[in-house]
2 protein chains.
Amino acid sequence: MGASKIDGFTPAQLHLAEYAHALGHPARIAILQFLAQRRRCLCGDIVDGLPLSQATISQHLKALRQAGLIKGHNDGPSVHYSINEKIWNRARMALGNLFLHCTPSETQETSAVVMHSPN
Amino acid sequence: MGASKIDGFTPAQLHLAEYAHALGHPARIAILQFLAQRRRCLCGDIVDGLPLSQATISQHLKALRQAGLIKGHNDGPSVHYSINEKIWNRARMALGNLFLHCTPSETQETSAVVMHSPN
DNA sequence: TGGTTAGATCGTAATAATACGATTTATCTG
DNA sequence: CAGATAAATCGTATTATTACGATCTAACCA
């Protein structure tokens, strides 16, 4: 894409867009669901589980890592990936916030709950 | 980007990625927040409110419309835009679902609430 | 009808994203 | 050390995105 204009938007808007952007590809959704199922898994497990090459998976993992949503832990030649709960919760809250403030009608109370700090 | 591979992913994953992708730009976040504030507003209002050209705003509106998140209502020469609650709720649920199933620990009950059908 | 206004669309330049083969890097093992 | 394995990175072709000026379209008004 052309580079997005960044000035004129709030940090909150930029962060929210960054999180959503990281979620904006089916492979990255699948990777996150994969990580959630196994709680912690090798990069190779993901490669085996998805219809994409090792290089492409690695690229998507990098994108998720750069957004902060996942983290990797080196274990010999392999890497264990897992969801980064801290940033994950931030993303959850940011999106909950968006839906809270952008959803009209009585659904607001329902959405509101997602915003409460879980810890 | 290169065209994303689509086969091998579930419809749910594809929809989720589509919604997230639509939210993955600060201008589109700002537009949605703008629409939520005024509940219904002219395209020109958005153009005045954001640091982007009319052509660019129109392009972002098109992206949001194609994802189904907003709808436009013609009123003479102007167009009133508003959030499409039906699809908006679908997006909210889909994202709530993702966070529900991907978030470890005790935050699950909290996230779960967002999934309940509001109506 | 002629002019004005609101938005969409066109054309296009610049840049980012996607995908994958090939290669590199790093770690373990014999 | 030599070979094997895991994952990252490189190189690159293709396509999408972003942004904006310019133009087109449609609806309104005098």
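Computed from heavy atoms alone, side chains included, the values below leave out hydrogens, waters and symmetry copies. So you know, we letter chains A, B, ... as the sequences are listed, proteins then strands, and number each from 1. Only a predicted model underlies this, so the values are computations on that prediction, with no experimental measurement involved.
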Q: Look at all strands and tell whether Ser58(B) reaches a base, only sugar-phosphate, or nothing, counting heavy atoms closer than 4.0 Å.
A: base
Q: Please report, rounded to the nearest Å, how far the P atom of dA17(C) is from the NE2 atom of His21(A).
A: 5 Å
**Q.** Rounded distance in Å - CD (Gln66(A)) to P (dA16(C))
**A.** 13 Å
Q. His25(A) has a side chain; which of dT18(C), dA7(D), dA8(C) sits nearest to it?
A. dT18(C)
**Q.** Leu23(A) CG - dA17(C) P separation (whole Å)
**A.** 15 Å
Q | Residues touching DNA chain C, which here means a heavy atom under 4.0 Å, drawn from residues 8-16 of chain A | A | none
Q | Ala17(B) backbone acceptor or donor facing His21(B) side chain under 3.5 Å | A | no
Q | Side-chain N,O (Ser53(A)) to OP1/OP2 (dC20(C)) below 4.0 Å | A | yes
Q: Return the nearest nucleotide to the side chain of His60(B); candidates are dA19(D), dC20(C), dA8(C).
A: dA19(D)
Q: With heavy atoms under 4.0 Å as the rule, sort Ile57(B) into base, sugar-phosphate or nothing.
A: nothing
Q. Can you find a heavy atom in the side chain of Cys41(B) that is under 4.5 Å from one in the side chain of Ile46(B)?
A. yes
Q. Taking a hydrophobic cluster as the set of Ile, Leu, Val, Met, Phe, Trp and Tyr residues connected by side-chain heavy atoms closer than 4.5 Å, whether directly or through intermediates, do Phe34(B) and Ile29(B) fall within one such cluster?
A. yes
**Q.** For Ile31(B) against His60(B), the heavy-atom pair lying closest together
**A.** CD1-CB, 3.8 Å
Q) Of the nucleotides dC28(C), dG7(C), dA8(D), which one has an atom closest to the side chain of Pro77(A)? A) dC28(C)
Q. Quick one: Lys62(B) NZ to dA16(D) C1', roughly how many Å, whole number?
A. 13 Å
Q: Select one nucleotide: of dT9(D), dA6(D), dC20(C), the one nearest the side-chain heavy atoms of Lys5(B).
A: dC20(C)
Q. Is there a side-chain polar atom (N or O) of Thr56(B) under 4.0 Å from OP1 or OP2 of dT18(D)?
A. no
Q: Among dT15(D), dT18(C), dA19(D), find the nucleotide with the atom closest to the side chain of Ala3(B).
A: dT15(D)
Q.
If I take atom CD1 in residue Ile6(A) and atom P in nucleotide dT15(C), what distance separates them, rounded to the nearest angstrom?
A. 15 Å
Q: Report yes if a donor N or O on one partner sits less than 3.5 Å from an acceptor N or O on the other, where the partners are the side chain of Gln59(A) and the base of dC10(D); otherwise report no.
A: no
Q | Asn89(B) (side chain) donor-acceptor with Glu85(B) (main chain) under 3.5 angstrom | A | yes
Q.
Could you check whether any side-chain N or O of Lys5(B) sits under 3.5 Å from a backbone N or O of Leu52(A), counting only pairs where one atom can act as donor and the other as acceptor?
A. no
Q: Locate the shortest heavy-atom distance separating Gly8(B) from Pro51(A); write the atom from each residue and the value.
A: CA-CG, 4.0 Å
**Q.** Nucleotide dG7(C), atom P - distance to NZ of Lys71(B) in whole Å
**A.** 18 Å
Q | Minimum-distance nucleotide to Ala55(B) side chain [options: dG21(D), dA8(D), dG7(C)] | A | dG21(D)
(Q) Counting only side-chain heavy atoms from C-beta out, which of dG7(C), dC20(D), dT5(C) sits nearest to Tyr81(B)? (A) dG7(C)
